[in-house]
2 protein chains.
Amino acid sequence: MKPTLRAVAEAVGVSRSTVSNAYGRPDQLSPQLRQRILDTARQMGYPGPDPTARSLRRGFVGAIGVLFTSRLSYAFTDPFAVRFLTGVAEAAERHESSLLLVPLPGEPAGARKAVENAAVDGFCVYCAGDEEGILDTIRGRGLPFVTTSARPREGDRWVGIDERAAARSVAEHLTGLGHRRVALLGHDVLPDAPTGPLRVTDVADVPHPTTRDRLAGFADAFAAAGIRWPELTVLTAPDNTRVAGAAAVRKLPAGVEPPTAVLACSDVLALGALEVLRGAGQDPRPVSVTGFDDIAEAAPAGLTTVRQSGEDKGRSAAALLLDPPPDATTRQILLPTTLVVRTSSGPVPRS
Amino acid sequence: MKPTLRAVAEAVGVSRSTVSNAYGRPDQLSPQLRQRILDTARQMGYPGPDPTARSLRRGFVGAIGVLFTSRLSYAFTDPFAVRFLTGVAEAAERHESSLLLVPLPGEPAGARKAVENAAVDGFCVYCAGDEEGILDTIRGRGLPFVTTSARPREGDRWVGIDERAAARSVAEHLTGLGHRRVALLGHDVLPDAPTGPLRVTDVADVPHPTTRDRLAGFADAFAAAGIRWPELTVLTAPDNTRVAGAAAVRKLPAGVEPPTAVLACSDVLALGALEVLRGAGQDPRPVSVTGFDDIAEAAPAGLTTVRQSGEDKGRSAAALLLDPPPDATTRQILLPTTLVVRTSSGPVPRS
DNA sequence: TTGAAAGCGATACCAG
DNA sequence: CTGGTATCGCTTTCAA
């Protein structure tokens, strides 16, 4: 058994408070006494104040929780999520704060428990599917949090982009190039839908908030070009991965009237789509493909996409948590996006 | 102020233990009573047992610490480190354990404090530069840990590869192709050395353990081919990044007798080297380049390298921590490596 | 089943 | 500068 602060106090012959001060408030006792305490502590093998006990007493932990909707191990697979984490980590480093990554089980009840049991001072919630349930649990604990994806409530801290406008911008790029017959590609478009084309009556039905906003943005542009929602093909992928994107595109009905462009809700999906559409080369007419995020792999692949900075998002989120601006108005940060046109998009080929 | 368990107990008119049981041991009280307790708790806005207090009392936290040598935010930049984390996360998910990522400041004293203050049940230490200092601190706390890089002490839990043999295998591939005049490329080859060629009298002087072992493996192969250490050029990079690798290679003495091959200690460095050596194309003779790790970017770049699985490493490390095998002999896991030959290496061009 | 009592290990106020 | 005292919020025997 490791010795406790109490044991050290007894060994040195001083009170517990004095030993505590020797560690936490050097200015509260004479240097000699402090040294004597530290020395005997070392000798006895006392590892210093127990972090858990200290947290309990002090009322704060020194760690912020990071919550990902999907399985935690998946998050590391998503390049954009990793950049977000990088940003969070940078801010945390500056504040000497640790990051607690909490794996959320699939079922809401389990997720709830996980959030309740996390020993943290606040949360960064990254794009949670069941975001509201999770946020409610956090609110229940009375802890501060920052969201990134869903539209926030008044007063909630939030950092994000104008998803819909950004999505509209790529789509307008395509309508400008003459594209009219297109397929939209997103993940979790409808609950439990099989990979492939889908009939979506109303964009509002899409459960995943980011997918919903981006699809809506795409639709805005096409509506402006005279194409209504039912005329758009919607492809769904089971998750946000390259292979899922590839699989979804393979399910495009063969033969008649293939789309001239695929608009994906993420670069990862778009890269999967590109693989399929450029790979076999079955169709001689190249199909335009666009993505979203501008991850590192987008540039070498020549992918036209919308750029947003994952690092900035993470950094801002953590900063909002760690030293919130006093005025509530600046607690919602809207980050910029840019349309990046590369070679994966071009004019509609002449038939 | 949030209500406490005590308040709930008083409100319901039962003892604190009973309320505690309602949460933690449902079988210890009648379902009706339990429900009554849970209901009033909800009504009062009691968020459930405080995680910190619970940890203190129970003596365990439900989180494992992950320690990276370099700045935490850099770790996310290193593809291999991210794969390692993915593996750790997978294992953690299975055990419903959280991951505490602890940023370590540069100075040893700060790092020590960070490790002392982390509320965790154990540590996964990924390739720490000042590994011994950190491990000593962990030992001081009496917490279990798993290392990945340095050669472990008897009885320490460890997971890794045979760095030296693996490095030797790529180098032998090159000597087999006839390469004799080569440059080795690693990061942190000597403390505070400027980017570029370096005089290293003895491999044992290299401070970074992984770099040291890999360089030694390279040297083994060349020794077998009759080339002794002083005849090898050693390039050092300030850190393990693409740009650092590129910069180091640019410092190769121009003109006479350029190397016919560059052996890098990591894919990241190798990819940087490739950029420079293939990029401008100043030298008409292609220089062979090899890496180490086989990260995702290696294949598309045609990089010859040594494959090891970051996920396996992470998974094994976490597993060793979370449910250690009873017999000490199986507490050190040696993972396999494979030489993957691609197009970046070839025979020595005829002069 | 339920509850009383004894900590878990440390900190902070406040009087000396 | 030092030390007594009262918590922090919960869990866990153990006896009723």
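In what follows, chains carry the letters A, B, and so on, assigned in the order in which the sequence lines appear, proteins first and then strands, with residues in each chain numbered from 1.
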**Prompt:** Do you know which of B/Ile333, B/Thr330, B/Leu320 makes side-chain contact (heavy atoms from CB on, under 4.5 Å) with B/Arg157?
**Reply:** B/Leu320

**Prompt:** What is the distance from CZ of B/Arg25 to P of D/dC10, rounded to the nearest Å?
**Reply:** 16 Å

**Prompt:** How close or far is atom P of C/dG3 from atom CZ of B/Arg34, stated in whole angstroms?
**Reply:** 16 Å

**Request:** Check whether any side-chain N or O of B/Ser20 sits under 4.0 Å from OP1 or OP2 of D/dC10, and answer yes or no.
**Result:** no

[X] and [Y]: side chain donor to acceptor below 3.5 Å:
X        : Y        : value
B/Asp39  : B/Gln43  : no
B/Thr210 : B/Glu163 : no
A/Glu116 : A/Thr137 : no

**Message:** Quick check: on DNA chain C, is the nucleotide nearest B/Arg57 upstream (toward 5') of the one nearest B/Asp27, or the reverse? Name the residue that is more 5'.
**Reply:** B/Asp27

**Request:** Kindly indicate whether the side chain of B/Ser17 and the base of C/dA4 share any N or O donor-acceptor pair separated by less than 3.5 Å?
**Result:** yes

**Of the listed nucleotides C/dA4, D/dG3, D/dC10, the one nearest the side chain of B/Ser15** = C/dA4

**Asked** Looking at D/dC10, C/dT2, C/dA10, which one has an atom nearest to any side-chain atom of A/Arg16?
**Response** C/dA10

**Request:** Kindly write out the residues that satisfy side-chain hydrogen bond (donor to acceptor under 3.5 Å, both in side chains) with A/Ser15, not counting sequence neighbours, or none if the list is empty.
**Result:** A/Ser17, A/Thr18

**Message:** Classify A/Leu56 by what it touches in the nucleic acid, base, sugar-phosphate, or nothing, heavy-atom distance under 4.0 Å.
**Reply:** base

**Message:** Could you check whether B/Phe68 and B/Phe76 have their ring centres less than 6.0 Å apart?
**Reply:** no

**Side chain B/Arg141, main chain A/Tyr46, donor-acceptor under 3.5 Å** = no

**Request:** Output the residues of residues 35-50 of chain B in contact with DNA chain C, where contact means a heavy atom of the residue under 4.0 Å from an atom of the strand; sort by number or write none.
**Result:** none

**Request:** Mind grabbing the angle between the end helix axes of the helix from C/dT1-D/dA16 to C/dG16-D/dC1? Five pairs an end, 10° rounding.
**Result:** 30°

**Message:** Measuring only between side-chain heavy atoms, which start at C-beta, is A/Glu93 closer than 4.5 Å to B/Ser73?
**Reply:** yes

